[in-house]
Amino acid sequence: MPLTIRYFAAIRERLGAQETVSLADTPARTVGDLHAWLLTRSPQHAEALDPDRGLRTACNQALCDADQALAEGDEIAFFPPVTGG
Amino acid sequence: MSDAPAVQPALQQALASPLQQALASPLQQALACVRVSPEDFDLGAEVAALRAGDAQVGAVVSFVGTVREWSPDPAAVMTLEHYPGMTERSLAELIVRARQRFDVRGVRIVHRVGPLAVTDQIVLVAVTSAHRHEAFHCAEFLMDWLKTQAPFWKREEAQGEARWVASRDSDADAAARWHAPGGQP
């Protein structure tokens, strides 16, 4: 089962709501690796996932750090700092 | 006893309910206190439901966040995006942590999503407790952490232009005040 990569808010506007990628097709083993790999995929990815914008990450719907390990079937999300309430 | 009268469904439900509640995990119980929906809410009705039948309640604190005017455009719209599934879970986790920290009776969080107009209600946090300080502090704790942890994003659209609202350092500072030594909220 591939990874599902989900995007929200300004990142979703640039890249779409989600994409899937097989872990076997990437060198990524952690969420930080995946981020670094996504940045190389297209200029749009590099722009949308710029860490200077204050990127947040979640693994299987729980906030996570860059060193979070990846497994096939995981749902990884990238989004800006939250602004609800 | 196949000829015994069947227990009425409503009675069965009433009997099963306390047991189910006792068996449910704290997170499952907390999930039942959370609603994320485009629908508006009625503060009075929500508080009445939260207090109903609980004679140990001596204090009720509620907070309602609303859409403040940010543009002279009368057609200005604020749209709340969220991460379905994670949103409910993160709010429920906040309630579990709040219950570990404060001696409260009932907790309720309602958060709207989708397009909202100026003056519309966005969020409700309501807490009941025996005494006022626990309810005040718990409600403030929940709002401070909701604003920095729950996956909602505000997009403002007015006068033909749209922009995503930037997070504020003051919100992060407010949440950080509550940090326990272990780093958990």
Side-chain angles (χ1 to χ4, degrees), chain A residues 1-21 30-32 34-35 38 43-85, chain B residues 27 36 63-68 78-94 109-113 116 121-125 139-140 142-157 162-172 174-175 183-185:
Chain A
M1 236 174 92
L3 290 177
T4 302
I5 305 171
R6 300 187 66 177
Y7 303 117
F8 292 92
I11 299 172
R12 173 190 55 74
E13 280 190 332
R14 293 188 178 91
L15 298 180
Q18 68 176 57
E19 56 187 314
T20 55
V21 63
T30 67
V31 167
L34 180 67
H35 177 222
L38 286 167
Q44 290 76 24
H45 282 79
E47 155 89 14
L49 297 170
D50 182 348
D52 290 344
R53 295 179 195 278
L55 197 68
R56 298 288 185 272
T57 50
C59 177
N60 298 325
Q61 305 196 350
L63 289 172
C64 71
D65 295 329
D67 58 6
Q68 169 71 44
L70 296 172
E72 292 284 2
D74 279 351
E75 177 176 303
I76 307 300
F78 294 89
F79 45 79
V82 303
T83 55
Chain B
L27 189 65
V36 178
F63 169 84
V64 176
T66 60
V67 182
R68 189 177 62 242
M78 173 177 280
T79 302
L80 266 295
E81 178 170 328
H82 75 125
Y83 185 169
M86 179 173 168
T87 314
E88 291 83 352
R89 178 179 153 167
S90 68
L91 295 176
E93 284 173 356
L94 282 184
I109 300 179
V110 180
H111 203 298
R112 296 179 70 192
V113 291
L116 300 172
Q121 303 188 110
I122 307 174
V123 61
L124 164 71
V125 167
E140 194 169 25
L142 288 168
M143 270 312 300
D144 285 348
W145 281 101
L146 181 155
K147 287 192 82 86
T148 59
Q149 302 259 309
F152 294 101
W153 301 273
K154 287 177 178 145
R155 181 177 182 271
E156 292 175 342
E157 198 171 350
R163 68 175 195 103
W164 291 94
V165 173
S167 63
R168 303 193 320 173
D169 289 343
S170 60
D171 288 335
Q184 292 283 4

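Per chain, numbering begins at 1; letters A, B, ... match sequence-line order. Everything numeric here is computed off the predicted structure, so don't read it as measured data.
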(message) Need one label for A:Arg56: side chain, backbone, both or neither, based on atoms under 4.5 Å from any heavy atom in chain B.
(response) neither

(request) Using a 4.5 Å cut-off on heavy atoms from C-beta on, say whether the side chain of A:Gln61 contacts that of B:Thr87. (result) no

(message) Please determine whether side-chain contact (heavy atoms from CB on, under 4.5 Å) holds for the pair A:Phe79 and B:Glu81, giving the CA-CA distance in whole Å, both sets of side-chain angles, and the decisive distance to 0.1 Å.
(response) CA-CA 11 Å; A:Phe79 45 79; B:Glu81 178 170 328; over 6 Å; no

(request) For A:Thr83 and B:Val165, work out which heavy atoms get closest and say how close. (result) CG2-O, 3.3 Å

(message) On a heavy-atom basis, which atom in A:Ala62 and which in B:Arg89 lie closest, and how many Å separate them?
(response) CB-NH2, 3.4 Å

(request) Could you look at B:Ala172 and say if it's the side chain, the backbone, both or neither that has a heavy atom under 4.5 Å from chain A? (result) neither

(message) Main chain of A:Gly84, side chain of B:Trp153: is a donor-acceptor contact present, judged purely on distance under 3.5 Å?
(response) no

(message) Is there a side-chain contact between B:Tyr83 and A:Arg6 in this structure, where contact means two heavy atoms from C-beta onward sitting under 4.5 Å apart?
(response) yes

(request) May I ask you to decide if A:Gly85's main-chain N or O and B:Lys154's side chain share a donor-acceptor pair within less than 3.5 Å? (result) yes

(request) Give the minimum heavy-atom separation between B:His82 and A:Phe8, together with the two atoms involved. (result) O-CE2, 3.5 Å

(message) Under 4.5 Å from any heavy atom of chain A, what part of B:Ser90 do you find: side chain, backbone, both or neither?
(response) neither

(request) Kindly compute the distance separating CZ (A:Arg53) from OG (B:Ser167), expressed to the nearest 0.5 Å. (result) 13.0 Å

(request) For residues A:Val82 and B:Gln149, determine if any side-chain heavy atom of one lies less than 4.5 Å from a side-chain heavy atom of the other. (result) no

